[in-house]
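Scope of the values below: all heavy atoms of this structure, side chains included, with no hydrogens, waters or symmetry mates.
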Amino acid sequence: MSIQSMFFSYDEFKVSGLMRLQTIVFLALCVETAVASEAEIRVRISPDTDYVMVNHEGREIRIERVQDPTNTIRARYGLTSRACPPFCIQPATLAPGVETIGELELLDYLARQDDDEQILVIDSRTPDWLDHGTIPGSKNIPWKQLAPTAGADPFEIQRILEDEFGALLIEELWDFSQVKTLVLFCNGPWCGQSPANIRTLLRFGYPAVKLKWYRGGMQAWESLGLTTVRPTP
């Protein structure tokens with residue numbers, strides 16, 4: 001092997017560097033939180049949990065907290081005074097039987113859903129919000145796709161109830177006895193999109209015990225420095 005063949009030429013080095021830069025930029029667009037090596041983890045999720053692995057759109061994503069102690073929440077979720085309506089403070093409990101959960105419970109559902117087909121974590125927000133990032137492992141089902149009052153297509157509602165949630169339509173009556181446990185979230189305590197989804201499902205007859213609500217939503221998630229992803233380009 002010649003000495004020359006052991007090294008990049010200057011032009012090759014520039015091309016290689018550009019390719020690496022493009023790769024880094026692409027990954028940054030998809031996964032918004034840098035992944036730390038296990039040895040570097042100092043900011044844990046809990047005393048015995050460093051990170052949680054989930055599947056998101058066919059990719060393995062590691063959910064962890066930002067390791068930089070100077071990190072701050074993005075301005076989009078730093079706003080405190082959005083106009084109400086529509087951005088009104090939501091109650092701690094939406095309806096009898098619907099459990100309100102926090103981050104650790106949500107992470108548990110995210111970790112379990114890959115092996116348990118009876119769990120589905122849902123981002124209830126419309127695409128304009130989704131474009132700014134979501135929780136890895138969640139599936140986007142915007143509230144407007146289920147709400148007849150928002151112009152939802154009845155056939156699309158039926159498809160979601162049957163194909164996504166496991167409900168059965170029997171002689172024009174819905175059977176919800178075998179439906180999935182749904183864990184829903186949106187932007188935070190001031191956001192009405194996941195509450196709208198939950199209230200719509202309750203009106204349809206979905207059992208309250210099968211509905212979980214992450215009230216903190218994206219604002220609380222980002223305030224804790226947890227991993228977010230944006231839709232794959």
Side-chain angles (χ1 to χ4, degrees), residues 30 54-59 76 82-88 90-91 94-101 106 109-110 113-114 116-215 217-219 221 228-233:
C30 297
V54 301
N55 183 283
H56 187 82
E57 297 180 350
R59 296 178 294 145
R76 185 174 187 84
R82 300 173 190 269
C84 169
F87 301 114
C88 302
Q90 299 295 324
L94 280 181
V98 176
E99 182 183 8
T100 303
I101 64 171
L106 175 59
Y109 281 115
L110 286 166
Q113 74 173 351
D114 282 348
D116 187 346
E117 295 182 354
Q118 287 301 107
I119 296 173
L120 182 61
V121 178
I122 297 172
D123 185 336
S124 298
R125 299 174 302 158
T126 50
D128 55 321
W129 287 102
L130 186 73
D131 287 343
H132 295 277
T134 189
I135 295 173
S138 63
K139 184 179 183 67
N140 182 225
I141 301 180
W143 70 275
K144 289 184 177 180
Q145 287 188 354
L146 283 174
T149 55
D153 179 357
F155 293 104
E156 177 66 2
I157 294 174
Q158 179 178 342
R159 184 198 67 78
I160 293 172
L161 290 174
E162 291 180 328
D163 298 346
E164 303 288 356
F165 301 163
L168 296 173
L169 185 59
I170 302 174
E171 295 181 356
E172 299 185 0
L173 295 175
W174 284 106
D175 178 2
F176 293 106
S177 60
Q178 303 300 317
V179 291
K180 298 178 181 180
T181 294
L182 307 181
V183 186
L184 302 99
F185 69 91
C186 51
N187 282 311
W190 45 269
C191 181
Q193 297 181 78
S194 54
N197 252 349
I198 290 170
R199 292 183 177 114
T200 295
L201 288 168
L202 289 172
R203 285 195 294 271
F204 289 163
Y206 212 95
V209 71
K210 293 291 187 75
L211 297 171
K212 314 296 178 182
W213 181 40
Y214 173 42
R215 181 177 182 267
M218 294 302 301
Q219 186 164 30
W221 186 266
T228 61
V229 292
R230 280 187 273 179
T232 305

A side-chain contact here means heavy atoms from C-beta on lying under 4.5 Å apart; do [X] and [Y] qualify?
{"X": "Trp143", "Y": "Arg199", "result": "no"}
{"X": "Leu110", "Y": "Pro136", "result": "no"}
{"X": "Tyr214", "Y": "Ile135", "result": "yes"}
{"X": "Leu168", "Y": "Trp174", "result": "no"}
{"X": "Tyr109", "Y": "Ser138", "result": "no"}
{"X": "Thr134", "Y": "Arg125", "result": "yes"}
{"X": "Phe165", "Y": "Gln178", "result": "no"}
{"X": "Thr181", "Y": "Leu120", "result": "no"}

Distance (rounded to the nearest 0.5 Å) between [X] [atom1] and [Y] [atom2]:
{"X": "Ile141", "Y": "Ile122", "atom1": "CD1", "atom2": "CD1", "result": "4.0 Å"}
{"X": "Ser124", "Y": "Phe185", "atom1": "OG", "atom2": "CZ", "result": "7.5 Å"}
{"X": "Arg215", "Y": "Glu99", "atom1": "CZ", "atom2": "CD", "result": "14.5 Å"}
{"X": "Ile198", "Y": "Lys212", "atom1": "CD1", "atom2": "NZ", "result": "10.5 Å"}
{"X": "Thr100", "Y": "Leu211", "atom1": "OG1", "atom2": "CG", "result": "11.0 Å"}
{"X": "Leu161", "Y": "Asp175", "atom1": "CG", "atom2": "CG", "result": "12.0 Å"}

Checklist entry - Per the side chain to side chain contact (heavy atoms under 4.5 Å, CB included) rule, which among Leu94, Asn197, Leu182 passes with Trp213? => result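 Result for side chain to side chain contact (heavy atoms under 4.5 Å, CB included) with Trp213: Leu94.
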Next on the checklist: So, applying side chain to side chain contact (heavy atoms under 4.5 Å, CB included) with Asn187, which one of His132, Arg76, Gln193, Gln219 is it?
Outcome noted: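 With Asn187 as partner, side chain to side chain contact (heavy atoms under 4.5 Å, CB included) holds for just one option, Gln193.
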Next on the checklist: Check this for me, if you would: do Glu164 and Arg159 make a salt bridge, where the nitrogen-to-carboxylate-oxygen distance has to be below 4.0 angstrom?
Outcome noted: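 Arg159 and Glu164: salt-bridged.
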I'd like to know if the side chain of [X] reaches the main chain of [Y], judged simply by a donor and an acceptor atom lying under 3.5 Å from each other, with no hydrogens or angles considered.
{"X": "Thr200", "Y": "Ala196", "result": "yes"}
{"X": "Asn140", "Y": "Asp123", "result": "yes"}
{"X": "His56", "Y": "Gly137", "result": "yes"}
{"X": "Gln113", "Y": "Val121", "result": "yes"}
{"X": "Lys180", "Y": "Gly166", "result": "no"}

Checklist entry - What is the minimum heavy-atom distance between Phe176 and Phe204, and which atoms define it? => result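 Phe176 and Phe204 have their closest heavy atoms at CE1-O, 3.3 Å.
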Item to check | Minimum heavy-atom distance between Pro96 and Ala208, given as atom pair plus value | outcome: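 Between these two residues, the closest heavy atoms are O-CB, 3.4 Å.
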Next on the checklist: Angle between ring planes, Trp129 versus Phe87, binned at 30° and 60°: parallel, tilted or perpendicular?
Outcome noted: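 Geometry flag for Phe87 against Trp129: perpendicular rings.
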Checklist entry - side-chain contact (heavy atoms from CB on, under 4.5 Å) between Met218 and Thr228: does it pass, once the steps are laid out? => result CA-CA 9 Å; Met218 294 302 301; Thr228 61; 3.9 Å; yes
Checklist entry - Stepwise, does the side-chain contact (heavy atoms from CB on, under 4.5 Å) test hold for Ile160 with Gln145? => result CA-CA 9 Å; Ile160 293 172; Gln145 287 188 354; 3.7 Å; yes
